[in-house]
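Reviewing the structure listed below.
Just so it is clear: chains get the letters A, B, ... in the order the sequence lines come, proteins before strands, and each one is counted from 1. As a basis for the values below, the full set of heavy atoms in this structure was taken, side chains included, without hydrogen atoms, waters or symmetry mates.
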Amino acid sequence: MIDTKTTILHQEQIAPQIFRLRLLSPRIAREARPGQFVHLRIREGTDPLLRRPFSIHRVNRERGEVQVLYQVVGQGTRLLSRKPVGERLDVLGPLGHRFEVSEEGGGVLLVAGGIGIAPLVFLCEDLLRGHAVTALIGARSRDGILCHDSLRSGGVTVHIATDDGSLGHRGLVTDLLNAQLEAGREAVYACGPVAMLRTVSALCRAHRISCQISLESRMACGLGACLGCAVKVRSSVPPGYEYKRVCKEGPVFDAEEVIFDENLLSGH
Amino acid sequence: MIDTKTTILHQEQIAPQIFRLRLLSPRIAREARPGQFVHLRIREGTDPLLRRPFSIHRVNRERGEVQVLYQVVGQGTRLLSRKPVGERLDVLGPLGHRFEVSEEGGGVLLVAGGIGIAPLVFLCEDLLRGHAVTALIGARSRDGILCHDSLRSGGVTVHIATDDGSLGHRGLVTDLLNAQLEAGREAVYACGPVAMLRTVSALCRAHRISCQISLESRMACGLGACLGCAVKVRSSVPPGYEYKRVCKEGPVFDAEEVIFDENLLSGH
Amino acid sequence: MNTAPLENVPLDLSIEIGSLHLKNPVLAASGTFGYGREFAKVMDLSRLGGIVTKAITLEPRLGNPTPRIVETASGMLNSIGLANVGVAAFARDKMPFLRSCGTAVIVNVAGRSMDEYVEVVRRLSDCPGIHALEINISCPNVQEGGLAFGADPKVAAAVIGAVRSVTRLPVIAKLTPNVTDIVRIAEAVQEAGADAVSLINTLVGMAIDVVRRRPELGGVTGGLSGPAIKPVALAMVWKAAQAVRIPVIGMGGIMNAGDALEFMLAGAVAVQVGTANFVDPTSTIRIVEGLEDTLRERGMGSVKEIIGALEV
Amino acid sequence: MNTAPLENVPLDLSIEIGSLHLKNPVLAASGTFGYGREFAKVMDLSRLGGIVTKAITLEPRLGNPTPRIVETASGMLNSIGLANVGVAAFARDKMPFLRSCGTAVIVNVAGRSMDEYVEVVRRLSDCPGIHALEINISCPNVQEGGLAFGADPKVAAAVIGAVRSVTRLPVIAKLTPNVTDIVRIAEAVQEAGADAVSLINTLVGMAIDVVRRRPELGGVTGGLSGPAIKPVALAMVWKAAQAVRIPVIGMGGIMNAGDALEFMLAGAVAVQVGTANFVDPTSTIRIVEGLEDTLRERGMGSVKEIIGALEV
Ligand SMILES: Cc1cc2nc3c(=O)[nH]c(=O)nc-3n(C[C@H](O)[C@H](O)[C@H](O)COP(=O)(O)OP(=O)(O)OC[C@H]3O[C@@H](n4cnc5c(N)ncnc54)[C@H](O)[C@@H]3O)c2cc1C
Ligand SMILES: Cc1cc2nc3c(=O)[nH]c(=O)nc-3n(C[C@H](O)[C@H](O)[C@H](O)COP(=O)(O)OP(=O)(O)OC[C@H]3O[C@@H](n4cnc5c(N)ncnc54)[C@H](O)[C@@H]3O)c2cc1C
Ligand SMILES: Cc1cc2nc3c(=O)[nH]c(=O)nc-3n(C[C@H](O)[C@H](O)[C@H](O)COP(=O)(O)O)c2cc1C
Ligand SMILES: Cc1cc2nc3c(=O)[nH]c(=O)nc-3n(C[C@H](O)[C@H](O)[C@H](O)COP(=O)(O)O)c2cc1C
Ligand code: FES
Ligand code: FES
């Protein structure tokens with residue numbers, strides 16, 4: 001991992017508030033593994049001061065391209081969405097820990113909430129080499145359901161849920177989960193809002209199915225140095241918990257270890 | 001004067017580090033008088049935080065256009081120079097006090113150092129209605145001599161001085177001044193570096209010719225409220241000086257009243 | 001905060017600071033709004049909760065050497081000093097306009113000595129149209145007095161006690177953040193009879209021109225204001241609001257209604273807006289409108305529901 | 001500061017802090033550089049003047065509840081607490097790598113009690129490869145101790161005196177800016193035997209989530225760092241450098257060589273770089289290079305010519 005100047009190759013809005021950014025960085029494209037993230041400096045100067053972390057959405061190793069799929073939620077992402085093609089962007093990465101994929105083929109399940117689909121698409125590329133993949137994708141309404149077409153054409157079985165019923169099942173994506181888990185799966189991979197991850201984790205535990213989740217947390221360094229991105233995990237020694245760094249031991253965690261307390265549910 | 005959103009109509013680089021910006025603001029174009037300035041907000045957010053003051057370089061009342069001629073010297077002007085056409089720019093103005101122009105026609109002299117030419121071009125439009133205008137324009141080298149062609153074609157007699165002799169007289173623009181003042185002038189108008197203004201002021205005093213100078217000072221409000229832009233001027237009551245506001249009583253001052261002390265010479 | 005008012009339901013933005021009634025909790029901060037007149041061209045001053053004037057002293061003062069301001073990261077340093085026209089000229093030349101603005105007029109008072117504070121307050125108390133006095137025991141930009149008065153609880157209490165005894169106007173003690181424990185100062189001035197405290201004044205700061213190897217400011221050090229200091233101000237307001245019974249007026253880096261809400265949630269009954277006036281001269285009005293929008297969006301009838309509503 | 005080194009004339013960037021010799025005056029600040037390892041991937045650590053470790057306490061500490069950081073205007077608040085592996089694990093697991101870095105290792109020490117400080121210092125003094133100790137009497141993020149030790153000159157002196165008597169390593173007292181007069185604290189620790197002072201630690205600050213009506217930080221308040229605080233830090237460094245005989249190490253918002261020069265002109269013999277490491281992990285190296293360029297451009301042989309060269 002080193003500090004790189006990348007070039008913006010392309011940027012397009014693909015849904016309300018959702019943008020896809022393509023960056024030229026042969027090294028990151030080569031080294032990146034599913035679940036890892038990049039840490040972007042939004043602009044020069046001191047406002048905003050800190051970098052912004054984004055999952056690696058896809059890579060194209062031949063063309064040296066890295067893709068990020070992101071949602072505009074505040075000042076940093078708004079400024080990012082206005083960047084023109086050709087502009088240079090300071091990127092650290094790839095950072096963090098990948099999703100683990102077992103060598104034995106078998107049926108695996110992806111669960112995505114909203115923009116949480118971003119890292120799961122990259123993971124899919126790996127999984128499809130030896131696994132049958134089913135994806136449950138949820139969002140508030142059909143506008144927020146992303147990447148389902150490309151996953152389908154890649155051979156993934158996709159089920160959709162929207163809060164307003166505008167596409168697929170009306171309700172939560174986790175409503176679809178029990179049926180899937182009962183069918184039996186080798187592993188579950190999930191990314192999305194914390195409340196969703198909590199439900200997914202609980203159901204996977206009930207079904208004794210291994211589950212990996214990608215967590216978000218406010219980050220400063222992204223390198224494991226500042227301890228700012230800590231998340232509470234179970235520990236066998238008193239007081240029964242410790243902190244792990246989302247940027248270093250994560251962002252992918254075994255769902256079993258994460259403590260879904262009030263701080264995790266309400267904060268970033 | 002009110003707060004206005006203007007639109008960038010055009011921006012072009014006309015010399016190394018020198019840019020010309022055309023803004024659409026019918027109201028400012030209508031109200032502006034030579035010597036007044038506009039106060040620009042460079043970008044949203046808090047970096048840079050404060051506005052930047054620029055003299056009004058020209059106006060086109062029919063088209064509702066206001067022009068600014070500026071030099072890139074730091075972060076704010078660098079960011080400004082990168083703004084694309086069509087972008088909206090938050091502008092306060094016109095602000096400050098105009099150059100006074102006497103009704104009686106007669107020969108007047110302009111003295112410009114570097115980017116100090118900016119407000120004098122607007123002034124020229126007024127002066128040319130009833131006065132014979134001579135302009136002394138100085139800069140470090142020929143690249144820094146601005147607007148001389150358009151002044152000449154407008155009917156102004158132009159003399160040029162450059163430090164390196166690459167155009168006109170080799171030396172300071174003030175070297176040319178004595179000869180001009182001895183020829184007799186109704187008034188002198190000057191804008192440029194403080195050291196130049198000091199020499200111009202001293203020579204005008206020696207020749208008993210009225211001289212108006214445009215000063216720069218760091219500004220916060222631009223409206224006369226913060227007292228940040230103060231400049232020391234003579235006063236008849238003890239301690240013999242007081243402060244005036246460059247944004248309100250200035251930026252144009254009678255050269256007689258300004259105290260050219262160390263703080264004025266070295267600071268902004 | 002950019003959305004226009006949704007509907008015209010009656011909203012109560014008014015608040016009370018002792019006997020002082022404000023139509024809304026947004027005040028223009030001392031030293032950043034002149035004597036009001038400069039801003040009248042860009043806004044309707046009667047929509048403000050109030051205007052706090054530049055500090056007034058007994059005699060006119062010229063203020064500090066130039067340069068007096070320098071920009072810093074998300075902030076600015078000023079070393080204006082207590083440049084002002086003096087109490088007599090203020091009452092004669094500036095008050096007529098202020099009285100006509102249709103908003104509360106709060107006069108910021110400074111002095112070199114206890115006697116000067118008392119004398120200025122006495123004279124202002126005779127001047128009609130003043131709604132309250134803000135006693136500036138916290139200016140970092142004067143050699144004698146200023147900061148010294150506000151940094152020691154005993155001295156602070158002595159100044160406030162002295163002015164308290166010569167005026168019937170509400171007395172607001174303006175506190176400096178350049179202290180180990182602002183709560184002790186707030187408690188001391190409360191005991192001495194202050195009707196409210198306002199905080200924070202600027203933090204002492206400095207900037208250096210590395211080419212010229214000189215301080216950027218004529219006054220060498222200056223006072224830091226603007227968004228940079230907001231977190232510091234908010235922590236102090238929160239601590240002070242928990243400790244004192246009298247109302248707390250919060251300020252420091254407030255740029256928009258969201259910032260104002262942070263201070264009010266932390267316990268401020270009103271806010272002052274300073275540096276933001278330089279960035280956008282209509283900031284105060286935007287903040288009033290933003291507070292109205294927030295009340296509407298959340299279905300609240302009164303701004304008082306927000307004050308101190310932070311859940312810790 | 002972007003220009004490449006002009007030529008390879010020998011430049012002396014070295015400085016001394018008591019018996020501590022540094023190859024250049026640029027240190028990575030405590031808590032922002034981990035135990036060095038994370039940054040080894042992006043830079044050559046041997047080019048640094050030194051590394052100051054995250055605070056070490058006697059026992060391992062988990063640190064504060066989450067969220068632990070929040071961005072503010074040109075700054076950030078952190079409420080990490082003193083999360084660390086404890087002195088034993090530090091000496092065993094972290095020191096071997098640090099010893100191999102080819103740069104000075106300065107260990108930041110914190111404690112809940114005077115005894116804890118003394119015990120940690122005693123144990124570290126037995127550990128080879130440590131060049132100096134920075135005694136953190138200024139952390140704003142712990143309930144007991146921390147800030148309290150650094151806010152009172154007597155207590156500060158007592159801690160420094162106690163650790164002084166149990167170690168031969170150079171002792172640097174790290175001061176808090178959250179005090180009325182930092183000069184008094186600096187003088188007190190000088191008398192107590194500190195070899196140097198370093199300042200500033202973070203300013204106490206707060207941020208509020210107005211939608212949830214809750215503090216942004218799990219720890220409610222936190223420490224403000226970054227460019228926002230640079231003017232405050234610079235003023236304190238300048239005042240302290242004029243008042244004490246021992247070397248002053250300056251920090252607070254240093255992002256580039258220009259900022260470092262400001263601190264050195266104000267009297268700092270060395271600087272620490274903190275928050276900048278999060279924005280650009282190679283900040284420290286860029287600053288070293290920028291100082292080299294400055295010396296070349298101005299024809300100076302040694303960085304010592306800059307120290308305290310401010311003309312006031
Ligand atoms: C490992 C990781 C991977 C991520 N991947 C993606 C992705 O692929 N696509 C995507 O759209 N978003 C992703 N996020 C979330 C993304 O980082 C935030 O949406 C973004 O930082 C918001 O910045 P802002 O300035 O627009 O928002 P603001 O709310 O203005 O940001 C203020 C501060 O809060 C932090 N912050 C705000 N929201 C989040 C969040 N959800 N997680 C972490 N920090 C936050 C910001 O980084 C910043 O420091 C990821 C976060 C993490 C930690
Ligand atoms: C009344 C007036 C009219 C002006 N007219 C023009 C003009 O027509 N063309 C032009 O090129 N420049 C003009 N200037 C100068 C112009 O305002 C500065 O060059 C500009 O503010 C520099 O901003 P920066 O961020 O690029 O520089 P920085 O040096 O990064 O700015 C840092 C701070 O210093 C202030 N500052 C820096 N230089 C000056 C200066 N010379 N005068 C005042 N403040 C300064 C900035 O406003 C800012 O607050 C004028 C200044 C004044 C006061
Ligand atoms: C240019 C300037 C002048 C000021 N003058 C005064 C003053 O005369 N009296 C006073 O009590 N505070 C004065 N202040 C402090 C402000 O009233 C306010 O306390 C401080 O700036 C913090 O608020 P802000 O960050 O919103 O500006 C001044 C501030 C600035 C920026
Ligand atoms: C995330 C973080 C953790 C910190 N931890 C410590 C610490 O353990 N001990 C200490 O003395 N200072 C600590 N500090 C303070 C820094 O060392 C430094 O004094 C401060 O951040 C100001 O410098 P800066 O603005 O360059 O960051 C920490 C700062 C940050 C941002
Ligand atoms: S973001 Fe710094 S340790 Fe994770
Ligand atoms: S810039 Fe504020 S008074 Fe002139």
Between [options], which shows the greatest number of heavy-atom pairs under 4.5 Å with chain C?
{"options": "D:P227, D:P215, D:G226, D:G253", "answer": "D:P215"}
{"options": "D:I208, D:V179, D:D181", "answer": "D:I208"}
{"options": "D:M236, D:R214, D:E262, D:K230", "answer": "D:E262"}

Handout entry: D:T180 side chain vs C:A151 backbone, donor-acceptor pair below 3.5 Å
Key = no
Exercise for the section: Check whether any side-chain N or O of C:T221 sits under 3.5 Å from a backbone N or O of D:A235 as a donor-acceptor pair, and report yes or no. Expected result: no
Practice task
Output the option from C:A207, C:G205, C:P177 having the highest count of non-hydrogen pairs under 4.5 Å with chain D.
Solution key: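 Most heavy-atom pairs under 4.5 Å with chain D: C:G205.
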Completion exercise
Correct closest heavy-atom pair for D:P231 and C:L224 would be CG-CD1, 3.9 Å
Fill in the blank from the handout: Here the pair of heavy atoms bringing D:M206 nearest to C:L234 is O-CD2, 3.4 Å
Exercise for the section: Check whether C:A266 gets within reach of chain D through its side chain, its backbone, both or neither, counting any heavy atom under 4.5 Å. Expected result: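 Contact with chain D: backbone and side chain both.
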Practice task
Side chain from CB out, backbone as N, CA, C, O: work out which of these in C:V220 comes under 4.5 Å of a heavy atom of chain D, or both, or neither.
Solution key: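 Just its side chain gets close to chain D.
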Exercise for the section: Please report the C-alpha distance between D:K239 and C:V204 in whole Å, then the side-chain angles of each, then the deciding distance to 0.1 Å, and finally whether the side-chain contact (heavy atoms from CB on, under 4.5 Å) criterion is met. Expected result: CA-CA 11 Å; D:K239 283 179 195 164; C:V204 175; 3.5 Å; yes
Exercise for the section: State the CG-CG distance between C:D209 and D:L265, to the nearest 0.5 angstrom. Expected result: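 Here the interatomic distance stands at 9.5 Å.
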Give every donor-acceptor pair under 3.5 Å between a side-chain atom in residues 302-312 of chain D and any protein atom, sequence neighbours left out.
from   : atom 1 : to     : atom 2 : distance (Å)
D:S302 : OG     : D:K304 : N      : 2.9
D:K304 : NZ     : D:S14  : O      : 3.2
D:E305 : OE2    : D:G301 : N      : 3.1
D:E305 : OE2    : D:S302 : N      : 3.3

Practice task
Any side chain to side chain donor-acceptor pair (under 3.5 Å) involving residues 264-273 of chain C? Give me the pairs, sequence neighbours left out, ordered by first then second residue.
Solution key: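 Only C:E134-C:Q272 qualify under side chain to side chain donor-acceptor pair (under 3.5 Å).
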